[in-house]
Protein chains: 2
Amino acid sequence: MASQTVPQATAERLPLYYRTLQQLVANGKTRISSSKFGELVQIDSTTIRKDFSYFGALGRKGYGYDTQYLMDFLKKTLYQDELNRVILIGVGHLGTALLNHNFLKNNNTQIVRAYDVDPKKIGTEVSGTKVFAMDELAANDHHEIVAAILTVPAAHAQEAAEKALASGIRGFLNFSPTTLNLPENAYVRHVDMTVELQALIYFLNHSMETKNS
Amino acid sequence: MASQTVPQATAERLPLYYRTLQQLVANGKTRISSSKFGELVQIDSTTIRKDFSYFGALGRKGYGYDTQYLMDFLKKTLYQDELNRVILIGVGHLGTALLNHNFLKNNNTQIVRAYDVDPKKIGTEVSGTKVFAMDELAANDHHEIVAAILTVPAAHAQEAAEKALASGIRGFLNFSPTTLNLPENAYVRHVDMTVELQALIYFLNHSMETKNS
DNA sequence: TAAGGATTGTGAAATAAAGAACAAATGAAT
DNA sequence: ATTCATTTGTTCTTTATTTCACAATCCTTA
């Protein structure tokens with residue numbers, strides 16, 4: 001199976017490839033070479049060809065890649081040909097922003113329900129998504145849910161994640177600035193603006209010495 | 001200089017180390033071993049010791065690391081001992097959420113001004129930050145600004161980044177789902193929820209075959 | 001249909017990162 | 001003071017990722 005051999009680094013680039021191909025197809029481009037594509041995504045063309053090669057021969061020598069075909073292939077590979085249902089935990093500033101953001105526009109993803117502790121928010125609807133009480137989280141049936149988006153304060157993230165886990169959710173997109181301690185069968189991706197900003201500042205301050213090209 | 005030898009992977013872990021040390025200090029812990037610390041951040045203790053070793057001998061054999069000392073060291077290393085001024089471009093749902101988020105709480109970062117094209121937003125204040133017209137962006141003096149946070153629609157991200165660049169900004173935290181094409185002396189970090197969510201779903205669907213531990 | 005140019009797919013080499021293992025040094029206990 | 005357990009800093013090994021180089025193949029055009 002491809003899944004056993006596809007390197008992690010490759011898998012993490014697939015969404016970027018997919019998004020870029022969506023744009024190309026939308027713009028009417030029917031074919032593209034690995035070098036042109038590499039310029040678009042700012043990744044070496046050899047890396048791109050090797051990435052694709054893990055899934056077989058997706059291109060044609062002397063021609064390049066058919067954008068529509070490649071996009072459809074990645075769509076399936078990334079499970080974007082089916083609706084991905086997620087829940088959102090924590091309807092604060094960031095949570096509300098994510099609810100207002102229409103994930104369905106370019107992504108087959110839907111936030112089907114939200115959870116919060118605030119009685120003022122419970123029972124309301126934010127951008128078409130109903131807000132439920134946090135207490136219901138662990139009790140609800142979530143085996144149709146692929147992931148939980150965590151946008152709660154750091155102090156409550158672990159507890160919230162455990163409740164979601166108890167309801168059958170194994171995937172977490174963690175926006176809370178804390179490391180989650182979850183069992184092996186759970187999978188967490190961490191999005192941390194603070195970390196990104198600090199890393200950015202660090203590299204900016206060190207780029208003068210290292211970048212001499 | 002350390003900057004020439006610190007691997008990229010190490011540099012990207014420093015903010016996580018720093019945040020975790022802040023929590024330890026806040027909780028009154030005065031010392032910690034690399035193995036205990038490793039459990040907290042979920043990184044192998046050898047990796048942690050090696051990461052620290054690039055900056056010299058920060059610990060004491062048979063004792064571990066002094067949390068306060070290590071935190072202070074990372075604070076300086078990450079330039080968190082000085083105020084980092086940033087601007088925000090695009091006062092939509094996400095931009096507003098970031099303005100409402102108090103960066104100064106745990107981070108020495110301040111969003112000093114925001115920019116938008118919407119006449120209804122220009123001149124208003126969001127959470128204490130004034131919103132200016134996008135047209136003023138390129139003309140303003142931004143050499144005290146370390147980075148721009150981009151929260152505009154994908155179609156306008158490149159243009160907005162170029163204006164910010166023209167005003168003297170070299171660092172970008174890009175939340176727009178598009179690849180920015182900027183000169184060598186600019187540095188971009190991309191935060192893309194869609195990419196993260198797709199990667200998460202991919203790994204979840206492949207974890208059964210690969211994870212057998 | 002033949003020739004030439006373009007471009008992939010892939011082994012092999014190079015680079016980067018992570019992990020194992022352990023000597024050296026320190027702290028703690030008696 | 002001496003012993004013993006602890007834990008770092010670091011060398012060496014292993015693994016992962018990127019890049020190079022080029023044969024194989026296909027497209028295009030005359």
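Note: hydrogens, waters and symmetry copies are ignored here, and every other heavy atom, side chains too, is used. Each chain gets a letter, A, B and so on, in the order its sequence line appears, and its residues count up from 1.
One can place CG of B:L58 at 17 Å from P of D:dT7, the figure rounded to the nearest angstrom. Between the C1' atom of D:dT17 and the CD1 atom of A:I43 lies a distance of 13 Å, rounded to the nearest Å. For the pair A:K61 NZ and D:dT25 C1', the computed distance is 5 Å after rounding to whole Å. For the pair B:F55 CZ and D:dT10 P, the interatomic distance rounds to 14 Å; values are reported in whole Å. Atom CZ of A:R60 is separated from atom P of C:dT10 by 17 Å (rounded to the nearest Å). Rounded to whole Å, the distance from CG on A:D44 to C1' on D:dT18 is 8 Å. What separates CG of B:D66 from P of C:dT26 is a distance of 16 Å, to the nearest Å. In this structure, the CD atom of A:Q8 is 13 Å from the C1' atom of C:dA17, given to the nearest Å.
In this structure a side-chain-to-backbone donor-acceptor pair under 3.5 Å is present from A:T67 to A:T30.
In this model, the phosphate group of D:dG9 is approached by a side-chain N or O of B:Y65 to a distance below 4.0 Å at OP1 or OP2. In this model, the phosphate group of D:dC20 is not approached by any side-chain N or O of A:T46 to a distance below 4.0 Å at OP1 or OP2. Under 4.0 angstrom from either OP1 or OP2 of C:dA28 there lies at least one side-chain N or O belonging to B:R31. Note on A:R49: every side-chain N or O is 4.0 Å or more away from OP1 and OP2 of C:dT10. For B:T47 and C:dA18, the shortest distance from a side-chain N or O to OP1 or OP2 is not below 4.0 Å.
Closest-nucleotide positions on DNA chain C for A:S33 and B:G62 were compared, and the one nearer the 5' end corresponds to A:S33. Nearest-nucleotide positions on DNA chain D place A:R13 closer to the 5' end than the other of A:Y63 and A:R13.
A:K50 contributes no side-chain N or O that forms a donor-acceptor pair with the base of D:dT18 under 3.5 Å.
Within the 4.0 angstrom heavy-atom criterion, only backbone atoms of the sugar-phosphate kind lie near A:S34; the bases stay farther away.
Centroid-to-centroid, the aromatic rings of A:H142 and A:F132 stay 6.0 Å apart or farther. B:F37 has its ring centre less than 6.0 Å from the ring centre of B:Y17.
By the 30° and 60° cut-offs, the orientation of the rings of B:H206 relative to A:Y79 is perpendicular.
A:Q198 and B:N107 share a donor-acceptor pair across their side chains, judged by distance under 3.5 Å alone.
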